[in-house]
Amino acid sequence: MAIKITDECINCGACEPECPNTAIYEGGVEWAISDGTAVKGLFTMMDGSTIDADQRNAPVSVDIYYIVPNKCTECQGFHEEPQCAAVCPVDCCVPDEMYQETVEELMDKKAKLHV
Ligand code: SF4
Ligand code: SF4
């Protein structure tokens, strides 16, 4: 499943550069599928909707760092463990129960992001 950042985040910024999918954003910053990925044109989201990869979207959080679930692969295909959780000094990067995914699904997501 995707990882999420809880409100215990102290905004240290350590996790952001570690994400292989550019799924982590500072609070208040707009996100896009194409940031740090190879995706161009229309992208199909996990819920079946489609958005343009370059479309800039409203921040998930304005106060603390946040993770875009559609871009988080739990680091599958890159690292043995979620890198954000590995570097977070306050252990606030935790599994997001809203997004239950198998390793196979996470690998498919990785392949979609880095074609
Ligand atoms: Fe990025 Fe990996 Fe953290 Fe997901 S688990 S947000 S892919 S660093
Ligand atoms: Fe927040 Fe942890 Fe990321 Fe630092 S490493 S910005 S505390 S989630």
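The figures here come from the full heavy-atom set of this structure, side chains too, leaving out hydrogens, waters and symmetry mates. Note that ligands are numbered from 1 as they come in the structure, with each ligand's atoms numbered from 1 the same way.
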Q | Atoms in ligand 2 flagged as close to Pro89, the criterion being non-hydrogen separation under 4.0 Å | A | 5 (S)
(Q) Could you tell me, atom by atom, which parts of ligand 2 come under 4.0 Å of a heavy atom of Cys93? (A) 8 (S)
Identify the protein heavy atom lying closest to [atom], giving its residue, its atom name and the separation to 0.1 Å.
{"atom": "atom 2 (Fe) of ligand 2", "value": "Cys88 SG, 2.4 Å"}
{"atom": "atom 1 (Fe) of ligand 1", "value": "Cys19 SG, 2.3 Å"}
{"atom": "atom 4 (Fe) of ligand 1", "value": "Cys72 SG, 2.3 Å"}
{"atom": "atom 7 (S) of ligand 1", "value": "Asn21 ND2, 3.4 Å"}

Q: Begin from the C-alpha positions of Ile5 and Ile24 and carry the test side chain to side chain contact (heavy atoms under 4.5 Å, CB included) through to its verdict.
A: CA-CA 9 Å; Ile5 293 173; Ile24 304 174; 4.3 Å; yes
**Q.** ligand 2 versus Ile64: contacting region, heavy-atom distance under 4.0 Å
**A.** neither
Q) Is ligand 2 under 4.0 Å from a heavy atom in the side chain of Ile10, in the backbone, in both, or in neither? A) both
Q. So, is the end of the Lys4 side chain (NZ or CZ) under 6.0 Å from the ring centre of Tyr66 and within 45° of the ring's axis?
A. no
Q) Quick one: does Leu106's side chain get under 4.5 Å of Glu101's, heavy atoms only? A) yes
**Q.** Other residues, nucleotides, ligands: >12 heavy atoms within 6.0 Å of Glu104 CD
**A.** no
Q) At a 4.0 Å cut-off, with the gap strictly under it, does some heavy atom of Val90 reach an atom of ligand 2? A) yes
Q) Going by atom types alone, do Asp63 and Ser61 pair a side-chain donor with an acceptor below 3.5 Å? A) no
Report, in ascending order of atom number, the atoms of ligand 1 lying under 4.0 Å from any heavy atom of [X].
{"X": "Pro82", "value": "5 (S)"}
{"X": "Thr73", "value": "7 (S)"}
{"X": "Ile67", "value": "6 (S)"}
{"X": "Cys75", "value": "2 (Fe), 5 (S), 7 (S), 8 (S)"}
{"X": "Ile3", "value": "5 (S)"}

(Q) Check for me, please, whether Val94 and Ile3 land in the same ILVMFWY cluster - side-chain distances under 4.5 Å, paths through other members count. (A) no
Q) Among the clusters formed by ILVMFWY side chains lying less than 4.5 Å apart, do Val68 and Phe43 turn up in the same one? A) yes
Q) Under the criterion side chain to side chain donor-acceptor pair (under 3.5 Å), which of Asn21, Thr37, Thr73 is the partner of His114? A) Asn21
(Q) Any salt bridge linking Asp35 with Arg56? Criterion: basic side-chain nitrogen under 4.0 Å from a carboxylate oxygen. (A) yes
Q | Proximity winner for atom 3 (Fe) of ligand 2, if only heavy atoms of Gly13, Cys15, Gly27 are counted | A | Cys15
Q) Measuring to atom 4 (Fe) of ligand 2, does Cys92 have an N/O/S atom at a distance below 2.8 Å? A) no
**Q.** side chain to side chain contact (heavy atoms under 4.5 Å, CB included) assessment of Cys9 paired with Cys92
**A.** CA-CA 6 Å; Cys9 171; Cys92 69; 3.8 Å; yes
